[in-house]
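Just below is one structure, and these are the notes that go with it.
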Amino acid sequence: MRTAHRTPVDNYRGTCGLRPMASGYETLHVVGGTDTQPGAWPWIVSIEGPWAAETGHICGGSLISPQCVLTAAHCFTKARHITMWRVVIGATQLTQLGPEAQVRNIKRLLVHEHYSSVSERNDIALLELDQPVQGSDSVQLACVPDASLRVSELTTCYVSGWGSINARCEFLKTARVLREAKVRLINVNFCNSSRWYRGAIHPHNLCAGYPQVGIDTCQGDSGGPLVCKDNDADYFWLVGVTSWGRGCARAKRPGVYTSTQHFYDWILVQMGLHPAVTATPTSRPVFTSTPFRGQGQPRPVPMQADRFTPCPFPHQKLVEFFNLLQELLQVLQGEKAPAAA
């Protein structure tokens with residue numbers, strides 16, 4: 001029998017994807033959504049820039065380990081002095097942080113090496129925080145699914161964020177209180193049809209929302225979580241990162257999200273947690289742990305503290321990224337030169 005002992009991740013309740021503060025209410029039907037109660041989505045974070053107006057909120061993100069946040073790459077296309085930015089965890093109202101909120105600075109930013117701001121391909125990024133975040137009822141870790149989860153079969157999904165609260169996406173009218181909305185996953189092929197997005201959706205994207213007008217993510221929700229409840233247990237999967245959309249809450253223009261499942265191995269590599277090679281697809285521990293599916297499966301336990309690797313972000317990868325970026329700029333300049341002449 002395994003002897004119980006405390007580790008630095010005990011306050012995360014031994015697993016990820018749990019909502020300790022949300023058991024007493026049902027989430028209702030961000031644009032067209034409702035204000036949340038404190039602790040409703042305990043992994044969501046506010047990423048804030050020092051130059052932004054009012055609360056400083058720029059984008060959302062999801063806490064996937066005590067020191068790593070998963071978000072969207074496009075939030076940082078014009079980022080300067082990233083170590084001056086901050087991340088707020090455990091907050092509901094950004095204008096008045098409660099005692100449960102924790103604030104961290106960004107130590108390192110890693111944008112996907114093949115991110116394209118033109119096509120929004122590979123719109124995903126990781127942030128390493130300057131200090132680990134302490135788990136509590138208001139602060140929990142999100143679960144990133146591996147290839148064994150059938151995401152398309154999940155039926156109870158939600159988006160949340162502090163973004164614009166009207167369909168015209170006026171950024172000055174962002175929500176000061178975290179908002180939430182229930183959405184449905186939409187078949188990507190259907191979403192990519194001629195009357196919808198006309199081929200603009202990539203294989204690593206998800207579509208979520210409704211065919212009609214009314215409920216959607218908007219400006220300021222970028223980078224935030226698209227989560228779906230597991231069909232057989234009481235925890236949630238972080239299946240998407242809010243990426244883009246044409247307008248907000250328009251008919252046949254649902255929100256487009258980066259599939260976290262598609263980038264599962266990329267995330268592990270960046271964090272120094274290389275995926276194990278297995279004969280058959282099974283749920284593998286991610287960050288602290290990932291819930292195991294199936295009847296009779298034991299509840300997952302956190303990884304041992306001495307095995308935890310908090311986002312190493314190798315310097316060489318950053319060098320390679322900037323080299324690739326420089327080469328791309330040279331190619332683009334070469335393509336544009338004849339046209340200008």
Side-chain angles (χ1 to χ4, degrees), residues 2 4-28 36-46 60-70 87-92 98-102 129 132-146 148-149 151 154-161 178 180-183 224-241 260-261 264 267 271 273 283-305 308 310:
R2 184 173 175 175
H5 62 282
R6 292 189 59 81
T7 71
V9 294
D10 277 346
N11 288 334
Y12 290 104
R13 296 174 176 257
T15 188
C16 51
L18 296 180
R19 303 172 64 199
M21 301 285 284
S23 59
Y25 80 102
E26 179 181 358
T27 304
L28 306 175
T36 67
Q37 296 189 20
W41 304 105
W43 43 78
I44 192 170
V45 309
S46 170
S62 299
L63 189 70
I64 59 173
S65 85
Q67 208 167 344
C68 279
V69 168
L70 190 64
V87 174
V88 178
I89 312 100
T92 302
E100 66 281 354
Q102 301 178 50
L129 307 181
V133 178
Q134 301 301 314
S136 68
D137 283 349
S138 300
V139 177
Q140 293 290 309
L141 305 179
C143 292
V144 179
D146 66 9
S148 65
L149 180 68
V151 172
L154 303 179
T155 59
T156 306
C157 302
Y158 301 91
V159 291
S160 52
L178 181 64
E180 62 192 12
K182 188 174 183 179
V183 295
L226 166 64
V227 298
C228 296
K229 185 180 178 297
D230 190 271
N231 288 335
D232 301 315
D234 199 20
Y235 45 73
F236 286 77
W237 295 99
L238 175 65
V239 300
V241 172
T260 59
Q261 184 180 57
Y264 177 89
I267 294 168
M271 295 184 66
L273 301 172
S283 294
R284 302 189 296 263
V286 186
F287 319 128
T288 53
S289 62
T290 299
F292 290 84
R293 296 177 294 285
Q295 296 181 351
Q297 296 270 6
R299 179 170 174 156
V301 296
M303 296 174 65
Q304 297 300 317
F308 176 68

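The shown structure was predicted, so the numbers you read here are calculated from the model rather than taken from an experiment. Numbers here are sequence positions counted from 1. Just so it is clear, the values below take in all heavy atoms, side chains as well, and ignore hydrogens, waters and symmetry mates.
The closest donor-acceptor contact from the side chain of Thr260 to the backbone of Leu238 lies under 3.5 Å.
Rounding to the nearest 0.5 angstrom, the gap separating the CG atom in Leu63 from the SG atom in Cys68 is 8.5 Å. Atom OG of Ser65 and atom CG of Leu129 lie 8.0 Å apart (nearest 0.5 Å). Residue Trp237 holds its CH2 atom at 11.5 Å from CG of Asn231, rounded to the nearest 0.5 Å. Separating the OH atom in Tyr12 from the CD atom in Gln140 is a distance of 7.5 Å, to the nearest 0.5 Å. In this structure, CG in Leu226 is found 9.5 Å from OG in Ser160, a value given to the nearest 0.5 Å.
The two atoms that bring Ala40 and Glu180 nearest to each other are CB-OE1, 4.2 Å, heavy atoms only. In terms of heavy atoms, Val69 sits closest to Gly61 at CG1-CA, 4.0 Å. For the pair Gly17 and Cys143, the tightest heavy-atom approach, listed with the atom from each and the gap, is N-SG, 3.3 Å. Between Leu154 and Leu149 the shortest heavy-atom distance is CD1-CD2, 4.1 Å. Shown here for Asp137 and Met21, the closest heavy-atom pair between the two residues is O-CG, 3.3 Å. Here the closest non-hydrogen pair linking Val45 and Ser62 is CG2-N, 4.2 Å.
Annotation: side-chain contact (heavy atoms from CB on, under 4.5 Å) contacts of Asp234 (sequence neighbours excluded): Lys229. Residues satisfying the side-chain contact (heavy atoms from CB on, under 4.5 Å) criterion with Glu100, sequence neighbours excluded, are Ser138. Residues forming a side-chain hydrogen bond (donor to acceptor under 3.5 Å, both in side chains) with Gln102 (at least two apart in sequence, or on another chain): Arg104. Scanning for side-chain hydrogen bond (donor to acceptor under 3.5 Å, both in side chains) contacts around Thr92 gives an empty result, with sequence neighbours left out.
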task: Report the C-alpha distance between Leu141 and Trp43 in whole Å, list the side-chain angles of each, state the deciding distance to 0.1 Å, and finish with yes or no for side-chain contact (heavy atoms from CB on, under 4.5 Å).
output: CA-CA 5 Å; Leu141 305 179; Trp43 43 78; 5.9 Å; no
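Using a 30° and 60° split on the angle between ring planes, Phe236 and Trp41 fall in the perpendicular class, above 60°.
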